[in-house]
There are 2 protein chains.
Amino acid sequence: MKLDNQTLLNELYGEHPQHYVAVDCVIFGYRDGELKLLLYPRSFEPAKGNWSLLGGFIQKDESSDQAAERILKRTTGLDQIYMEQVAAFTQPDREPSARVISIAYFALIRLDDHDEEIVHQYGADWFSFGDKPELIFDHEEIITQALAKLQQKAGYQLVGPELLPDLFTITQLRGLYEAIFQRTLDPGNFRKKVLSLGVLKRHNKKDSTESKKGAFYYSYEEKPDSQEKELNRIIKI
Amino acid sequence: MKLDNQTLLNELYGEHPQHYVAVDCVIFGYRDGELKLLLYPRSFEPAKGNWSLLGGFIQKDESSDQAAERILKRTTGLDQIYMEQVAAFTQPDREPSARVISIAYFALIRLDDHDEEIVHQYGADWFSFGDKPELIFDHEEIITQALAKLQQKAGYQLVGPELLPDLFTITQLRGLYEAIFQRTLDPGNFRKKVLSLGVLKRHNKKDSTESKKGAFYYSYEEKPDSQEKELNRIIKI
DNA sequence: GCAAAAGTGTTATCTGTACACCCATGA
DNA sequence: TCATGGGTGTACAGATAACACTTTTGC
């Protein structure tokens, strides 16, 4: 107990309670036409061993963004991951044994990039979105809201580069969008739509693993003036 | 200091710090064609007397939703107000003298409903959105994000009933939307769009204060099957 | 040759937008 | 009667969605 520090604070806000504040990360990945979710067996009580989102507590001098980055880095070995805040979850009884306020994030990571070693060292595993185990506390609800946020983001700008390799085909990109929006999309119309955004650059190499004809690889091209075009809707929700 | 309680918690999460967690409410109103904002002179140190959002600390057994409701009720006398979480603001130095995590909300209230007495008793005042004073801490940024959230909501469903009287004209509704989106909207097109949603009910009474011809009053009609239609976009952001 | 994905083209329909135009009425 | 906002109609541009069709190549 840091009583000295506590005393200082009491002069200002001392009559108010303090709370544990955690971050919980919904980590999305994509492989084989399916949206994946990284889940962990909880390593400490309560609910030790049950499947859970990746989480941790906010420390004294870090923001929730920093805490989420720190936790993600520690457990997956990756940094500079795309992350976005989802919402704060604050029901007093959302954890049974202590009151913990949770600030939820979603993160998008490339499945092939990331360090399998570190992930497995924590007993973590990737689950298909449609086939996930029962989760502790309100983590199911957190995931639902995280997916809604991801759909919203993906509806306004391409989420290719965060979840796919540097080079990808339009069909792979469509597969990703079908996974995110949980419905099929017309191949021709999708192709025209994403190419019209003007942010994809075609390469001369072809991918021949998924079709006999072979499909051109594309990469995401960072254009400083491409912002405006991106505001057009890609998928109408 | 509730040391006994503290000790219990320490068995689980004791090594982690705790934080003050506040809610800050961006309270929107609408009058005379302008979006309004309810601001308070801060009643306690630090920054006492400076203009600020309405805020307060989350107590032991309440959620942030409940805290926001409690604070709003205490200061405006109103309950059952539409409120929505905006985001958590967590920069460690966002307040200069102590670390306070803030969960921001926006609230929509009808300016004519609310109890002027209670509001003024706290020295609070309504400011036009375009003409607000300098605010403490990061409250400017909170307001920016709150407006973005409001625009998003208003783009997908009518925000008439929360901000306007029970009976309103289409022109008044358009004025509200013009204030929210900070741009002019075509009168004819706006009328057709909102009426096509099928959620407005025309009354036989007319309002004659704003035009010579007089305009029909409408009210919001709660239809159980109107959900689907509401998902159509009202304003393209 | 055939199947299967890649890629292009065509068309009907819907939506957004600009704007013309009549209506009702208080000043 | 005329200015003003209320309210309706029209017409064009662009986006959406369904789907036909052609290309390429491994089997």
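Naming: A, B, ... by sequence-line order, numbering from 1 per chain. Note that the coordinates shown come from a computational prediction; the quantities given were computed from them, not determined experimentally.
Relative to the side chain of B:Lys213, the nucleotides D:dC19, D:dT25, D:dG5 differ in distance, and D:dG5 lies closest.
In this entry the distance linking CD1 of A:Ile170 with P of D:dT23 reads 21 Å, nearest Å. If you measure from atom CZ of B:Phe181 to atom P of C:dG16, you get 13 Å, rounded to the nearest angstrom. In this structure, B:Phe216 places its CZ atom 14 Å from C1' of D:dG5, rounding to the nearest Å. Between A:Asn189 atom CG and C:dG9 atom P the separation is 14 Å, expressed in whole Å. Between B:Asp207 atom CG and D:dG7 atom C1' the separation is 15 Å, expressed in whole Å. The OH-C1' distance, from B:Tyr217 to D:dG7, rounds to 17 Å in whole Å. In this structure, CZ of A:Phe190 is placed 17 Å from C1' of C:dT8, rounded to the nearest angstrom. Regarding A:Arg183, its CZ atom lies at a distance of 11 Å from the C1' atom of D:dT16, rounded to whole Å.
For D:dT16, one of the phosphate oxygens OP1 or OP2 lies less than 4.0 angstrom from a side-chain nitrogen or oxygen of A:Lys193. Applying the 4.0 Å criterion to OP1 and OP2 of C:dA6, one finds that A:Thr171 has a side-chain N or O inside that range.
Between A:Phe106 and A:Tyr82, the ring-plane angle classifies as tilted under the 30° and 60° cut-offs.
Closest-nucleotide positions on DNA chain D for A:Asp186 and A:Lys212 were compared, and the one nearer the 5' end corresponds to A:Asp186. Position along DNA chain C of the nearest nucleotide to A:Glu210 versus A:Pro187 favours A:Glu210 as the more 5'-ward residue.
A distance below 6.0 Å separates the ring centres of A:Phe190 and A:Tyr177.
Using a 4.5 Å cut-off on side-chain heavy atoms (C-beta onward), B:Leu185 and B:Lys193 make no contact.
Contact of A:Lys192 with C:dG9 (side chain to base): a donor-acceptor pair of N or O atoms is detected under 3.5 Å.
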Any chance you could lay out the side chain to side chain contact (heavy atoms under 4.5 Å, CB included) test for A:Arg110 and A:Leu164, step after step, and finish with the verdict? CA-CA 6 Å; A:Arg110 301 189 188 190; A:Leu164 294 173; over 6 Å; no

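Salt bridge absent: A:Lys73 and A:Glu69 never bring a charged side-chain N and a carboxylate O closer than 4.0 Å.
Nucleic acid contact for B:Thr169: none, since no nucleic acid atom lies under 4.0 Å from a heavy atom of the residue.
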